Amino acid sequence: MSLDPLLNNQDPEPGTQLTQNLDLDEGQTGGIYLPKWAYEETVASKISEYTAKDRCRARKVQVYKGFTEIAYRYAFAHKTQYKAKLPLRTVLPTGKSEDVEEMQYNGEAGLITYSFPQSMSPHLAKQQTNVDAFVWERKDGTFAVVQTWPCEL
């Protein structure tokens, strides 16, 4: 079966083997040219499958007049590394905290955060407790805050 069902907004039957061109373009390799010998066929196959699914999902996005969002996120796949039993706390720049949960450690475990610096007012930052990993004073005297959430990659 080809990737045509995905490209036409259809989900393939479970267990269907998808076939596609296994040459990866620069958009699939972080903006660099990779010759075909530099990656495994199985990796290229998965990347091509994910690209087709992303394109399919992107066509389902509704666009509303007058609103434009450009969203960039940083995802970190920590998987089974860094097994310190620390609670994960999502701290917002407003000083509020969201869920406190234990970090997961498995083959899909990861963290996602914004890819731009965020700040918190000194007044709010000094009120925070047990958030040293997420709120700290920068060298210039401003306070950094990292909003992070668990995710499966």
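One-based numbering along the sequence shown. The shown structure was predicted, so the numbers you read here are calculated from the model rather than taken from an experiment.
- Here the shortest heavy-atom pairing between Tyr39 and Leu24 reads OH-N, 3.0 Å.
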Passes side-chain contact (heavy atoms from CB on, under 4.5 Å), Lys36 versus Asp23? Steps please. CA-CA 6 Å; Lys36 197 169 185 174; Asp23 292 331; 3.1 Å; yes

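- Considering every non-hydrogen atom in both Arg138 and Pro117, the closest pair reads NH2-CB, 4.1 Å.
- Remark: Glu49 CD to Lys53 NZ distance equals 4.0 Å, nearest 0.5 Å.
- With Thr51 contributing its side chain and Ile47 its backbone, the two residues share a donor-acceptor pair below 3.5 Å.
- The neighbour count for Glu41 CD, taken as heavy atoms of other residues, nucleotides or ligands under 6.0 Å away, does not exceed 12.
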Test side-chain contact (heavy atoms from CB on, under 4.5 Å) applied to Leu153 and Lys79, step by step: CA-CA 9 Å; Leu153 302 172; Lys79 300 185 179 188; over 6 Å; no

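- Checked against ring-ring contact (aromatic ring centres under 6.0 Å, His included), Trp136 has no partners two or more places apart in sequence or in another chain.
- Side-chain contact check for Thr148 and Arg89: no donor-acceptor pair (N or O, by modelled atom type) lies under 3.5 Å.
- Remark: side-chain polar atoms of Ser48 are paired, donor with acceptor, to backbone N or O of Ala44 under 3.5 angstrom.
- Connection of Leu111 to Val146 is not established within any shared hydrophobic cluster, with ILVMFWY side chains joined at heavy-atom distances below 4.5 Å, either directly or through further cluster members.
- A pairwise comparison of heavy atoms in Gln104 and Ala109 identifies O-CB, 3.4 Å as the closest pair.
- For Pro93 against Leu124, the heavy-atom pair with the smallest separation is O-CD1, 3.8 Å.
- Residue Tyr114 is found in a hydrophobic cluster whose other members, listed by chain and number, are Ile112, Phe116, Trp149; membership requires side-chain heavy atoms under 4.5 Å apart, directly or through intermediates.
- Heavy atoms only, all atoms of each residue included: Phe143 and Glu137 are closest at CE2-CB, 3.6 Å.
- Separation of atoms CD (Glu108) and NE2 (His78) is listed at 11.0 Å; rounding is to 0.5 Å.
- Side-chain contact of Gln147 with Thr90: a donor-acceptor pair under 3.5 Å is absent, judged by distance alone.
- Here the straight-line distance linking atom CZ of Arg57 with atom OH of Tyr50 works out to 10.0 Å at 0.5 Å rounding.
- Around atom CD of Gln128, more than 12 heavy atoms belonging to other residues, nucleotides or ligands sit under 6.0 Å away.
- In the hydrophobic cluster analysis, where Ile, Leu, Val, Met, Phe, Trp and Tyr join through side-chain heavy atoms closer than 4.5 angstrom, Val131 is grouped together with Val145.
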